[in-house]
*Asks:* 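The structure's right below; bear with me while I get my questions together.
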There are 2 protein chains.
Amino acid sequence: MPDTVPSQASGLFERMRSAILTLELAPGERLTERGLEAAFAGSRTPVRAALMRLENEGLVLREGHAGRGWVVAPIDVAEIRSLAELREAVESMAVRLAVERAVDADLDAVAELLTAGGPAADEDEGLRAGSDFHVELATLSGNPLLADAVRGAMTRLARTRWLEVRTAASRAQARDEHQAIVDALRARDADRAAALVAAHIRDTNERLVHFLTAERRRLRGHGLSIVDGAPARPTRAN
Amino acid sequence: MPDTVPSQASGLFERMRSAILTLELAPGERLTERGLEAAFAGSRTPVRAALMRLENEGLVLREGHAGRGWVVAPIDVAEIRSLAELREAVESMAVRLAVERAVDADLDAVAELLTAGGPAADEDEGLRAGSDFHVELATLSGNPLLADAVRGAMTRLARTRWLEVRTAASRAQARDEHQAIVDALRARDADRAAALVAAHIRDTNERLVHFLTAERRRLRGHGLSIVDGAPARPTRAN
DNA sequence: TACACCAATTTGGTATCCCAAATCGAACCG
DNA sequence: CGGTTCGATTTGGGATACCAAATTGGTGTA
């Protein structure tokens, strides 16, 4: 297996992506290809490639009438709500399939994620693990498309991790809910597992949305663009 | 509204995409950037951009250990099965949300798709309409992410339309099932609508998969690469 | 005959260069 | 002064030239 050469452009992509996810590049910030070319080392071609990849991860957007200019995707409360609905659909299905397809060893591996680091895990670790847990869970479905969908959703949600304050209690609750999901899987109880997953996603999301709408003003003051893009009415796009 | 200039590259993308979807570029066929540069008019930069976009629509893949070379995505029976599961999850959810959010006028508009062209619609039209119906249905959820997911799935499935033989009877059945879904929506019966959607997707998919596995040998003879990528076991990717 | 080795070619990756459109200013006119 | 026009600058889109890696063919040797 001739390990893939980092290829330099992948590096650029990773660094830009990382800069966005850590809010080093603020949501709503305008980007120019030439500016990025300078900020990160590397010339325009790989920068453009990276931008395109970031675009379809939903982390950057084209702006302006004539497609001129790029923007770091604002944190969009409407999008976050939509993501939760998508996750509920996809992860519920994934967990149902996992009940049928995953063997106990797989479940053990995922369960291990929950205890890894123990209660000593710091906030950052805890949240990353939370994200990973959902992706690993979806992977157990044996359906790579479901796993990818969850991975994509978690990526789009990742930036909020730096905003929302998570208490030790809320972390513990998340861990308990994750544990309950694994237990349901072990019991091969698809309905219960799916219901727990849906409830967990809904609760987590509700907390997040409440937080963002409440703190929107303050966060904006810190230079972050937080918008609420859409009505809950069918959008007749295109 | 300064209408967007076709921008040439979009044109290239559309033409390449169309060539793939119509099987003019055969599944499994190897592509080189320079070859495409010649085949379609336009130089490497836009060709490259188009390839990247096609890549994340899942229509082309990078091949080879060192990322060298592109391939028109083979028709992968395992992927098709996975797509059906994804669609079942997403479209069921979408239809549930549509029951809550869509107004009657929206439903009327979608219902109109079913009768448009009437029974005289030829095979091609009928199938395109079938695909559009599912996308429009998902749009009624008011959740653009769900609609996008369905659109993406239908794109990946689009190539099979040229392979599978659809009789007048099967087209009529599909239309009836679509009609039944709309009726359930009109009745604001979320459970029934979701169940009908799930059953419809499952049935349609089962027929398709049966057809492909049965005809795989013959279709391969025509130069098409049809594979069955995956086991139904959780894939421990990465 | 099989195999190892080398050179030409091909390929994707990268770095620039040029271009037309759009934006932003400043000078100019009313 | 306010509004407009014209031009310099900036920006993304496209075209090419160059590079290193890798494939490919052939050739000469054991």
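Within every chain, numbering begins at 1; the chains are lettered A, B, ... in the order of the sequence lines, protein sequences first and strands thereafter.
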*Asks:* Check DNA chain D against residues 43-53 of chain B and give the residues with a non-hydrogen atom under 4.0 Å, in numerical order.
*Replies:* B:S43, B:R44, B:T45, B:P46
*Asks:* So B:R87 and B:L157, do their side chains get closer than 4.5 Å, heavy atoms only?
*Replies:* yes
*Asks:* Are any protein N/O atoms closer than 3.5 Å to N/O atoms in nucleotides 6-11 of chain D? If there are, list each pair with its distance.
*Replies:*
{"residue": "D:dT11", "atom": "O2", "partner": "A:R68", "partner atom": "NH1", "Å": "2.2"}

*Asks:* B:F13: which residues meet the ring pair (Phe, Tyr, Trp, His ring centres under 6.0 Å) condition with it, sequence neighbours left out?
*Replies:* none
*Asks:* Is a donor from one side chain sitting under 3.5 angstrom from an acceptor on the other, for A:W70 and A:E63?
*Replies:* no
*Asks:* Counting heavy atoms not belonging to A:R218, are there more than 12 under 6.0 Å from its CZ?
*Replies:* yes
*Asks:* Return the orientation label for the B:F133 and B:H178 ring planes: parallel under 30°, perpendicular over 60°, tilted otherwise.
*Replies:* parallel
*Asks:* Quick check on A:E24: does its CD atom have over 12 non-hydrogen neighbours (other residues, nucleotides or ligands) under 6.0 Å away?
*Replies:* no
*Asks:* Can you tell me how far P of C:dG12 sits from CG of B:L61, to the nearest Å?
*Replies:* 14 Å
*Asks:* When A:D228 is tested against each of A:V77, A:V209, A:L212 for side chain to side chain contact (heavy atoms under 4.5 Å, CB included), which residue passes?
*Replies:* A:V77
*Asks:* With a 4.5 Å limit on heavy-atom distance, are the side chains of B:R159 and B:I20 in contact?
*Replies:* yes
